Amino acid sequence: MNVLTLKIKIYAPWVHSLKEKRMVVKSILGKVRNKFNVSAAEVDAQDVHQTIIIGIAIIVAHQGQADSMEEEIMRFVEMNTDAEILEIETEVR
C-alpha cells in the first residue's frame with residue numbers, strides 16, 4: 001500500500017475576490033472528490049485571490065497505479081477549469 005499526494009498550484013487571473021475564488025475552489029474540489037473518491041482540500045494561499053493551491057491524497061496499491069491516477073487527475077483538472085496549472089508536486093510514500 002502506498003499513499004500518493006499531489007499539490008497542484010493553479011492560477012485563475014479572472015478571480016478578483018475571495019468569494020469568487022471560493023466558488024472556483026469548491027467546484028474543482030467537489031468534482032475531483034466525486035470523480036476519483038480522494039481526499040482533497042485547499043492547502044495554502046487561502047488569502048491570495050488568484051492563486052489556488054490544492055492538496056490531494058490517494059491510497060494506491062503500487063507505483064503504476066499512482067502514476068495512472070496522477071495523470072488522470074491532472075487531465076481532469078485541466079479539462080474542468082479555465083485556470084492555468086502552474087506547478088505540480090507529487091510524492092508517493
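Predicted model, so just to flag it, every value in this text is computed and none were measured. The residues of the chain are indexed from 1 along the displayed sequence.
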* Stepwise, does the side-chain contact (heavy atoms from CB on, under 4.5 Å) test hold for Glu72 with Met74? -> CA-CA 6 Å; Glu72 286 183 50; Met74 294 313 306; over 6 Å; no
* Take Ile56 and Ile8 through the test side-chain contact (heavy atoms from CB on, under 4.5 Å) and record every step on the way to the result. => CA-CA 8 Å; Ile56 299 172; Ile8 306 168; 3.9 Å; yes
* To do: List the steps, then state whether side-chain contact (heavy atoms from CB on, under 4.5 Å) holds for Ile58 with Ile73.
  => CA-CA 11 Å; Ile58 314 156; Ile73 290 170; 3.3 Å; yes
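Residues Met1 and Ile59 are in side-chain contact: their nearest non-hydrogen atoms beyond the backbone lie under 4.5 Å apart. With a 4.5 Å cut-off on side-chain heavy atoms, Trp14 and Asp82 count as touching. Looking at Ile88 and Lys7, their side chains never come closer than 4.5 Å, going by heavy atoms from C-beta outward. Residues Ile54 and Leu29 form a side-chain contact, since some pair of their non-hydrogen atoms from C-beta on lies under 4.5 Å apart. In this structure, Val38 and Val32 have side chains that are in contact, with non-hydrogen atoms separated by less than 4.5 Å.
To the nearest 0.5 Å, atoms CD (Gln63) and OG (Ser68) are separated by 11.5 Å. In this structure, CG on Leu4 lies 9.5 Å from CD on Glu91, to the nearest 0.5 angstrom. Here His49 contributes atom NE2 and Lys19 contributes atom NZ; the two are 13.0 Å apart, rounded to the nearest 0.5 Å. Rounding to the nearest 0.5 Å places NZ of Lys9 at 8.5 Å from CG of Asp44. Rounded to the nearest 0.5 Å, atoms CD1 (Ile10) and CD1 (Ile52) are 5.5 Å apart. Expressed to the nearest 0.5 Å, how far OG1 of Thr90 lies from CG of Asp67 amounts to 9.0 Å.
Put simply, Val24 and Ile85 are part of the same group of oily side chains (I, L, V, M, F, W, Y) that touch within less than 4.5 Å, one to the next.
Taking both residues in full, the closest heavy atoms of Ala45 and Ile53 are given as CB-CD1, 4.0 Å, listed atom of the first, atom of the second, then distance.
Between the side chain of Gln50 and the main chain of Tyr11, no donor-acceptor pair closer than 3.5 Å is present. At least one donor-acceptor pair under 3.5 Å links the side chain of Arg33 to the backbone N or O of Ala40. Here the side chain of Glu70 pairs no donor or acceptor atom with the backbone of Ala66 at under 3.5 angstrom.
A salt bridge does not link Glu20 with Arg22: none of the charged nitrogens is closer than 4.0 Å to a carboxylate oxygen. Of the charged side-chain nitrogens involved, at least one lies within less than 4.0 Å of a carboxylate oxygen, so that Glu42 and Lys21 count as a salt-bridged pair.
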